[in-house]
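What follows is a short report on a single structure.
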Amino acid sequence: QVLAVESGGGVVQAGGSLRLSCVVSGPSFSTQSIAWYRQAPGKEREPVAAITWSGDTTYYQNSVKGRFSISRDNAKNTVFLQMSSLQFEDTAIYHCAAGSFHGVRTDQSQYDYWGQGTQVTVSS
């Protein structure tokens with residue numbers, strides 16, 4: 001069974017930084033595409049960033065381009081989301097998701113495994 005566990009969330013002032021981590025258990029991590037999604041109160045869950053298994057292709061939502069960076073360490077079964085210049089609008093629960101396909105996708109139905117999420121709160 002594959003499990004995804006996020007960590008690294010917290011409370012930060014606007015303009016600050018956080019680094020989220022997602023550890024995905026199971027033997028298939030190095031062949032899975034991984035994405036970060038977020039869900040703010042009263043809003044639908046939306047894709048934030050995604051990365052292929054090799055790390056050579058990434059996707060970013062327009063609102064986070066230039067501020068967030070996704071990376072992965074296949075030796076440690078871990079994906080990171082480095083978030084800088086955080087804004088109040090980035091406040092949400094951040095989930096990681098794993099899917100056994102090539103490329104990056106934003107359709108959340110394509111991802112098979114999801115973590116419980118980690119709360120990010122940006123104070124203005």
Identify every side-chain donor-acceptor pair in residues 81-91 under 3.5 Å, counting partners at least two apart or on other chains, and give the distances.
| residue | atom | partner | partner atom | Å |
| --- | --- | --- | --- | --- |
| D90 | OD1 | R38 | NH1 | 2.9 |
| D90 | OD1 | R67 | NH2 | 3.1 |
| D90 | OD2 | R67 | NH1 | 2.8 |
| D90 | OD2 | R67 | NH2 | 3.4 |
| D90 | OD2 | Q87 | N | 2.8 |
| T91 | OG1 | F88 | O | 3.0 |
| T91 | OG1 | V122 | N | 2.9 |
| T91 | OG1 | V122 | O | 3.4 |

### Message
Which residues pass the side-chain hydrogen bond (donor to acceptor under 3.5 Å, both in side chains) test with S124, not counting sequence neighbours?
### Response
none
### Query
Less than 4.5 Å apart, any side-chain heavy atom of Q108 and any of R45?
yes
### Message
Show the nearest heavy-atom pair for residues H95 and G115, with the distance to one decimal.
### Response
ND1-O, 3.1 Å
### Query
Where the side chain of S33 meets the backbone of H102, is there a donor-acceptor pair that is under 3.5 Å apart?
no
### Task
Could you state whether Y94 and Y113 fall into the same hydrophobic cluster, counting links through intermediate Ile, Leu, Val, Met, Phe, Trp or Tyr residues with side-chain heavy atoms under 4.5 angstrom apart?
yes
### Cationic tip of R72 above W53 ring, under 6.0 Å, 45° of axis
no
### Query
Would you call S25 and L3 a side-chain contact if the rule is heavy atoms closer than 4.5 Å?
yes
### Task
Quick one: do S7 and T118 satisfy side chain to side chain contact (heavy atoms under 4.5 Å, CB included)? Show the steps, please.
CA-CA 6 Å; S7 63; T118 185; 5.7 Å; no
### Task
Evaluate the ring planes of Y37 and Y111, with Trp represented by its six-membered ring, and classify them as parallel (under 30°), tilted (30 to 60°) or perpendicular (over 60°).
perpendicular
### Query
If you measure from SG on C96 to CD1 on I51, what distance do you get to the nearest 0.5 Å?
12.5 Å
### Query
Can E46 and Q39 be said to form a side chain to side chain contact (heavy atoms under 4.5 Å, CB included), step by step?
CA-CA 6 Å; E46 61 179 5; Q39 186 166 21; over 6 Å; no
#### Entry: Atom of G117, atom of E6 and distance for their closest heavy-atom approach
N-OE1, 2.8 Å
### Query
Side chain of T57, backbone of G103: donor and acceptor closer than 3.5 Å?
no
### Task
Of all the heavy-atom pairs spanning C22 and W36, show the shortest one and how long it is.
CB-CZ2, 3.6 Å
### Query
Same hydrophobic cluster for V12 and F68, using side-chain heavy-atom links shorter than 4.5 Å among ILVMFWY?
yes
### Message
Would a single hydrophobic cluster contain both V48 and F80, if residues Ile, Leu, Val, Met, Phe, Trp and Tyr are joined by side-chain heavy-atom contacts under 4.5 Å?
### Response
no
### Task
Decide whether V79 and V2 are clustered together by the hydrophobic rule: side chain heavy atoms of Ile, Leu, Val, Met, Phe, Trp, Tyr closer than 4.5 Å, transitively.
yes
#### Entry: Taking every non-hydrogen atom, the tightest pair across G9 and V120
CA-CG2, 4.2 Å
### Task
Give a yes or no on whether Y60 and I34 share a hydrophobic cluster (residues Ile, Leu, Val, Met, Phe, Trp, Tyr; joining criterion: side-chain heavy atoms under 4.5 Å apart).
yes
### Task
Verify, without hydrogens or angle tests, whether N77 (side chain) and V23 (backbone) share a donor-acceptor contact under 3.5 angstrom.
no
